[in-house]
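In this text, all values refer to a predicted model and were calculated from it rather than measured experimentally. Atom set for the values below is all heavy atoms of this structure, side chains included, hydrogens, waters and symmetry mates excluded.
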Amino acid sequence: MRWSQTFIPTMKEVPAEAEVPSHQLMLRAGLIRQLMAGAYTYLPLGYRSVRKVSEIVRQEMDRAGAVELFMPALQPIEIFERTGRREAFGNVLFNFEVKRGDRKLHFALGPTHEEVITDLMARHISSYRQLPITLYQIQTKFRNEERPRFGVLRTSEFIMKDAYSFGSSLEQLNAAYDAMYNAYCKIFQRCGLKYLPVEAESGPIGGDASHEFMVPASNGEDFVVHCPACGYAANQERAETGRSSKVPAPVDGSAAPVKVDTPNAGSIDQVSRLLKSAATSFIKTLIYKADGQPVAVLLRGDHTANEGKIRRASGAASVELADEATILAATGAPVGFAGPVGIKCRVLVDHDVALIEKAIVGANEKDAHLTGVVPGTHFQFSETFDLRNAEAGDSCPRCGRNLEIVHGIEVGHVFKLGTKYSVSMEAKYVDAQEQSHPIIMGCYGIGVTRVVASVVETCHDENGIIWPLSIAPYSVEVIPLNVTDPEVMKISNGIYDELISSGIDVLMDDRDQRPGFKFKDADLIGIPLRVTIGGKGLAEGIAEIKWRTDSEAKKVPLADVIGYVKDLIAEKQMS
RNA sequence: CGGGCUAUAGCGCAGUCUGGCUAGCGCGCUUGACUGGGGGUCAAGAGGUCGUGGGUUCAAAUCCCGCUAGCCCGACCA
């Protein structure tokens, strides 16, 4: 492609609305333009990268035995009602009514396609002999994000590869899951991304039923708990801590707790300032409703609760923070003054709470706290749990070394769904004994556009993008330094044509601009290999060839340029 | 959805507090000349509903009220 014939609107200055590097560079390099919050046009250069990622995804999906299809983005709202996800998605689901004749139809735009594909399979799978099968598509998804941000990293409309596996046994599910997991590793590796498969919250199925693929990036919205020593990685929702503690025996004769006035100080922050004590000496008492029953959850004051862990520890199917009335009933005090001493409900104690020697707790009385509370003595418990989010410095559950927290961008997710959708959509098969069972499903997503943004986010320098060859919009940029010089253009056109005939993606900057201008743009758009043809070089009979990451170009005799470039590209592709 | 910030030429901004001449600057764009290896120089130009609706005033980019859009922080995110 000749630059003069395509559309690459580069910008020297950073648009004010862009804060993160990927957003800034994608705008400046002419990859994307915003239409409105959360919706972007992929310009020719950006779309080429999107297509390259898609193609890699396609190849690896096919190789893993998945088959491609294409489903409607437009879906009847009823199928979301069948699975209960109309409510689960809530406002995130785009849905609207349209008139058709004298009827009114209610549609949704697909945020993902479990319903559509399960409905399809329900109609056509009847026997275990038809299983297993994995289907996928690459398609635009719609989610009414409450807050689109970070350019293309979080949008209301984005391209996603979604795959769904259907099987008749856990073995088939596990095989499909493993095939997808491995394919994902290959895909992200081929896209030049540093990624981390992390254990993710997997709901009632438990175990290793879900992994997220995260790209470590300081602007990532998600937190990954990672052990650099053994490689353990999990998202913050899921991450276990390697902590445990003994239940302290009651101490006879220890001083009784002292009640102190804490008027209008209901938060840890307020009370710790009032009493001049660190948050680590507080016990935070959170009242949850576990399957409707009040439960008090005790955490050290500076820690944050993890609802998934609380749910598992309580043995309940669902937990939520209690409302004010429930808190009043359980503690006898308004929100902010709950404490474990004398509380009238079940109590779950986090490991770290047992280690506090003299704690400050709510007094279960308005505007009052207790100090000098000794866990195990002034309130009893028989067991401690892991109830909070992991933090940097916690010990690793696998190897005991220190965990660290890294930010990450979620680019993929694999999930063992089980029978949630097949039950509600009545997707069943009969086994060899003619018994009917719900099909066992898995779902597997990759944010294609997010992969592109993640690469830009993590692969750049102060001059611009540094594309990995595999997903670069073009592999080679040919730069004739002076387009008014017939000799320069003759040679440049020759190289350009020959490289194209060799099947290489080439961009030629044939604009009548000064060399410095073109070099700056070349660095900005980050095409991996640069071939420069100028009057000085021609006098020596050479062209200059350099990788985007090289500081010095290599002088290559004109006759050898094509072969040299082909070799470099082939070599890079092998590595 | 709560809190904050912003809106003036394609991009980045000044002007707004303290109302007043023809609304400015840099980049980019057009034309010409010079120039030609890291965003060049000179000259001449084009380009503006000052986000939008209302109000105050002799007079509004500027003050007041409403609305809209965008961005940031938080909540949310199968």
task = Please tell me which of the listed nucleotides, B/G37, B/G39, B/G70, lies nearest to the side chain of A/R28?
result = B/G39

request  = Among B/C27, B/C71, B/G74, find the nucleotide with the atom closest to the side chain of A/R149.
outcome  = B/G74

task = Please state how far atom NE2 in A/H23 lies from atom C1' in B/C11, giving the value in whole angstrom units.
result = 14 Å

query = So which one's nearest nucleotide on RNA chain B is more toward 5', A/V20 or A/R143?
reply = A/V20

key: A/K536, nearest nucleotide to its side chain (from B/G39, B/G37, B/C73)   = B/G37

task = With C1' as the reference atom in both, quote the distance from B/U6 to B/A46 in angstrom, rounded to an integer.
result = 29 Å

message = Whole angstroms only, please: what is the CZ-P distance between A/F89 and B/C76?
response = 17 Å

query = What interatomic distance, in whole Å, is found between P of B/G10 and the corresponding atom of B/G48?
reply = 8 Å

message = Say we look at B/A7 and B/G12: how far apart would their P atoms be, to the nearest angstrom?
response = 12 Å

query = Under a 4.0 Å N-O cut-off, is there an ion pair linking A/E157 with A/K141?
reply = no

task = Mind calculating the distance between CD (A/E145) and C1' (B/A75) to the nearest angstrom?
result = 13 Å

inquiry  = Please pick, from B/G39, B/G38, B/C71, the nucleotide with the shortest atom-to-atom distance to any side-chain atom of A/L524.
reply    = B/G39

task = Run the salt-bridge test on A/K555 and A/E540 with the 4.0 Å N-O cut-off and return the result as yes or no.
result = yes

ask   = When the P atoms of B/U41 and B/U18 are considered, how many whole Å apart are they?
value = 41 Å

request  = Check each residue of residues 509-521 of chain A for a non-hydrogen atom within less than 4.0 Å of any atom in RNA chain B, then write out the ones that pass by number, or none.
outcome  = A/D512, A/Q513, A/R514, A/P515, A/G516, A/F517, A/F519, A/K520, A/D521

query = Taking atom types as modelled, is there a side-chain donor on A/E114 or A/T112 under 3.5 Å from an acceptor on the other?
reply = yes

key: Pairing nucleotide - B/C29, Watson-Crick or G-U, each distance under 3.5 Å   = B/G45

query = Is there a Watson-Crick or G-U wobble partner for B/C21 with both distances under 3.5 Å, and which nucleotide is it?
reply = none

message = Classify A/R530 by what it touches in the nucleic acid, base, sugar-phosphate, or nothing, heavy-atom distance under 4.0 Å.
response = base

ask   = Counting only Watson-Crick or G-U wobble pairs whose two distances fall under 3.5 Å, which nucleotide matches B/C63?
value = B/G55

ask   = Taking OH from A/Y421 and P from B/A78, how many angstroms apart are they, rounded to a whole number?
value = 10 Å

query = A/Q34 side chain N/O closer than 4.0 Å to the phosphate oxygens (OP1, OP2) of B/A69?
reply = no

inquiry  = Assess, by modelled atom type and distance only, whether the side chains of A/H407 and A/N219 contain a donor and an acceptor separated by less than 3.5 Å.
reply    = no

ask   = Between A/Y181 and A/Y444, does the ring centre distance come in under 6.0 Å?
value = no

query = Looking only at atom C1', what distance separates B/U30 and B/C76, rounded to whole Å?
reply = 50 Å

key: B/G39 - base-pair partner by Watson-Crick or wobble geometry, distances under 3.5 Å   = none

message = Taking only the C1' atom of each, what is the distance from B/U8 to B/G51 in whole angstrom?
response = 10 Å

ask   = Once you round it to whole Å, what is the distance between C1' of B/C76 and CG of A/L93?
value = 15 Å

message = Need to verify one output field. Residue with the more 5' nearest nucleotide on RNA chain B, A/D523 or A/V92?
response = A/D523

ask   = To the nearest angstrom, how far is A/L321 atom CG from B/C76 atom C1'?
value = 14 Å

ask   = Does a salt bridge link A/R86 with A/E81, judged by any charged N lying under 4.0 Å from a carboxylate O?
value = yes

ask   = With rounding to whole Å, what would you report as the distance between B/A23 and B/A61 at their C1' atoms?
value = 8 Å

ask   = Should B/A75 form a Watson-Crick or G-U wobble pair with both distances under 3.5 Å, which nucleotide is its partner?
value = none

ask   = B/G74 C1' sits how many Å from A/F150 CZ, rounded?
value = 12 Å

Distance-only polar pair, side chains of A/E212 and A/N235, donor-acceptor under 3.5 Å = yes

request  = Could you work out which one of B/A78, B/C71, B/C27 sits closest to the side chain of A/M160?
outcome  = B/A78

Base of B/G36 paired with side chain of A/D485 (donor-acceptor, under 3.5 Å) = no

inquiry  = Base, sugar-phosphate or nothing for A/G537? Non-hydrogen atoms, less than 4.0 Å.
reply    = base

inquiry  = Work out how far the C1' atom of B/U31 is from that of B/G47, and round it to whole angstrom.
reply    = 15 Å

request  = Check every strand shown and say whether A/A37 touches a base, only sugar-phosphate, or nothing at a heavy-atom separation below 4.0 Å.
outcome  = sugar-phosphate

ask   = With sequence neighbours left out, which residue pairs that include part of residues 514-523 of chain A fulfil the side-chain hydrogen bond (donor to acceptor under 3.5 Å, both in side chains) condition?
value = A/T10-A/D521, A/R511-A/D521

inquiry  = Just N and O in the side chain of A/R147: are any of them under 4.0 Å from OP1 or OP2 of B/C73?
reply    = yes

key: Main-chain N/O of A/D178 paired to A/N182 side chain as donor or acceptor, under 3.5 Å   = yes

inquiry  = Over all strands shown, is A/E146 touching base, sugar-phosphate only, or nothing at heavy-atom distances under 4.0 angstrom?
reply    = base

query = Given atom CD of A/E544 and atom C1' of B/G37, what is their separation to the nearest angstrom?
reply = 8 Å

Salt-bridge criterion met for A/R149 and A/E221 (N-O under 4.0 Å) = yes

